[in-house]
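Note sheet for the following structure.
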Amino acid sequence: MSRLLFIGPDHGDAVGGREQLSRLHEQALGDVLGGEIDVIRLTKSRAGIGAALSGRIDGVTREAEARILDHIERRGVGRVWLDGSNLGVLARAIKQRFPEVEVLCFFHNIEPRFFWGAFRQRPGARALGVLAATFAAERTAARFSDRLVALNARDAAAIERWHGRAATDLLSMAIADGWQGEAPATATGSLLFVGGSFYANTAGIAWFAREVAP
């Protein structure tokens with residue numbers, strides 16, 4: 001089984017759902033491959049407008065790209081897991097340099113759909129620029145990756161709507177079970193919603209309060 005290179009952002013101490021899922025995927029892939037896995041973490045840096053609009057976002061600099069290509073050649077990597085459709089520029093660079101290397105891209109989200117919602121919620125030049133940059137990156141990922149891995153059938157359909165190509169695989173959301181205490185004997189009937197105050201969360205909790213809570 002060929003060596004796999006896992007590429008994703010450096011989450012630091014972040015503990016959100018996306019970060020937990022990334023760490024779980026990395027661990028599971030390492031278990032399946034018996035340790036035949038390398039990991040490269042990208043550090044976010046401020047990109048120029050031209051670079052961002054071409055899809056070079058979230059640490060995908062030319063320097064990082066060159067380091068990754070060198071690593072693939074030096075280590076004999078046969079497959080690459082891109083942890084996020086925002087890394088599409090890397091998919092293109094890898095396939096152009098190493099057409100035989102299999103590139104798998106995991107879509108944590110349909111980024112243009114998400115940032116289109118953000119733009120509609122608060123229009124502005126910055127929101128429009130972020131939308132354009134994420135669309136360029138994700139369109140490149142959809143074009144150059146061998147396998148497109150979506151969270152669910154809804155996201156798979158959205159990938160096809162936005163980019164004209166269907167997802168090849170579904171891999172549902174999961175979080176490692178870290179609970180170590182005893183389960184409560186009875187439910188309290190209360191629910192605590194914790195999340196960032198951005199449009200998708202506020203709309204979601206409003207829907208829950210209106211449609212589910214009663």
Side-chain angles (χ1 to χ4, degrees), residues 6-12 14 16-22 25 40-65 68 80-96 103-171 173 195-204:
F6 184 102
I7 304 173
D10 184 355
H11 296 300
R18 181 170 183 144
E19 294 82 16
Q20 291 189 55
L21 182 59
S22 295
H25 284 168
I40 291 180
R41 293 289 183 190
L42 300 173
T43 302
K44 285 188 177 183
S45 58
R46 183 177 294 277
I49 295 176
L53 292 179
S54 70
R56 289 191 176 278
I57 57 176
D58 296 332
V60 184
T61 62
R62 294 190 182 277
E63 293 75 17
E65 178 185 306
I68 287 166
V80 174
W81 178 283
L82 296 178
D83 186 46
S85 57
N86 51 326
L87 308 181
V89 168
L90 293 178
R92 179 179 63 201
I94 292 166
K95 294 304 292 186
Q96 288 177 343
V103 176
L104 305 93
C105 182
F106 182 77
F107 284 64
H108 282 273
N109 197 11
I110 313 305
E111 303 293 354
R113 181 180 65 185
F114 177 85
F115 286 107
W116 170 246
F119 173 74
R120 292 180 62 188
Q121 185 80 5
R122 188 172 295 180
R126 185 179 186 281
L128 182 61
V130 171
L131 170 62
T134 54
F135 177 81
E138 189 169 279
R139 172 60 65 91
T140 306
R143 179 182 175 188
F144 285 95
S145 300
D146 296 291
R147 305 191 73 86
L148 309 181
V149 188
L151 278 169
N152 48 50
R154 180 189 62 188
D155 280 10
I159 292 172
E160 189 164 19
R161 283 199 307 272
W162 279 90
H163 305 298
R165 184 180 170 197
T168 58
D169 305 271
L170 299 182
L171 187 59
M173 178 66 194
S197 180
F198 64 97
Y199 83 93
N201 273 354
T202 55

Between side-chain atoms of residues 140-148 and protein atoms elsewhere (two or more places apart, or another chain), which donor-acceptor pairs fall under 3.5 Å?
| from | atom 1 | to | atom 2 | distance (Å) |
| --- | --- | --- | --- | --- |
| T140 | OG1 | A136 | O | 2.8 |
| S145 | OG | A141 | O | 2.9 |
| D146 | OD1 | K95 | NZ | 3.3 |
| D146 | OD2 | K95 | NZ | 3.0 |
| D146 | OD2 | V103 | N | 2.7 |
| R147 | NE | D169 | OD2 | 2.9 |
| R147 | NH2 | D169 | OD1 | 2.9 |
| R147 | NH2 | D169 | OD2 | 3.2 |

If you look only at distance, which donor and acceptor atoms sit under 3.5 Å apart when one is on a side chain in residues 117-132 and the other is two or more places apart or in another chain?
none

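Considering CG of D58 and CG of L42, their distance stands at 8.5 Å, rounded to 0.5 Å. We find the CG-CZ distance between L87 and R92 to be 13.0 Å, quoted to the nearest 0.5 Å. Taken from CG in L170 to CG in N152, the straight-line distance is 7.5 Å, to the nearest 0.5 Å. For the atom pair CZ of R165 and CZ of R139, the computed distance is 12.0 Å after rounding to the nearest 0.5 Å.
Note on ring orientation: taking the six-membered ring where Trp is involved, the planes of F6 and W81 are parallel (angle under 30°, cut-offs 30° and 60°).
Among residue pairs with one or both ends in residues 153-162, those qualifying as side-chain hydrogen bond (donor to acceptor under 3.5 Å, both in side chains) are R113-D155; sequence neighbours excluded.
Across every non-hydrogen atom of P112 and E138, the tightest pair is CD-OE2, 2.9 Å. Taking each heavy atom of A133 and L53 in turn, the nearest pair found is N-CD2, 4.2 Å. Of all heavy-atom pairs between A167 and A156, the closest is CB-CB, 3.8 Å. Across all their heavy atoms, S197 and T202 have their closest contact at OG-CG2, 4.0 Å.
When the side chain to side chain donor-acceptor pair (under 3.5 Å) test is applied to D83, the partners found at least two apart in sequence or on another chain are S22, H108. Every residue meeting the salt bridge (Lys or Arg N to Asp or Glu O under 4.0 Å) condition with R18, not counting sequence neighbours, appears here in chain and number order: E111. Judged as a side-chain contact (heavy atoms from CB on, under 4.5 Å), and not counting sequence neighbours, the contacts of E63 are T61.
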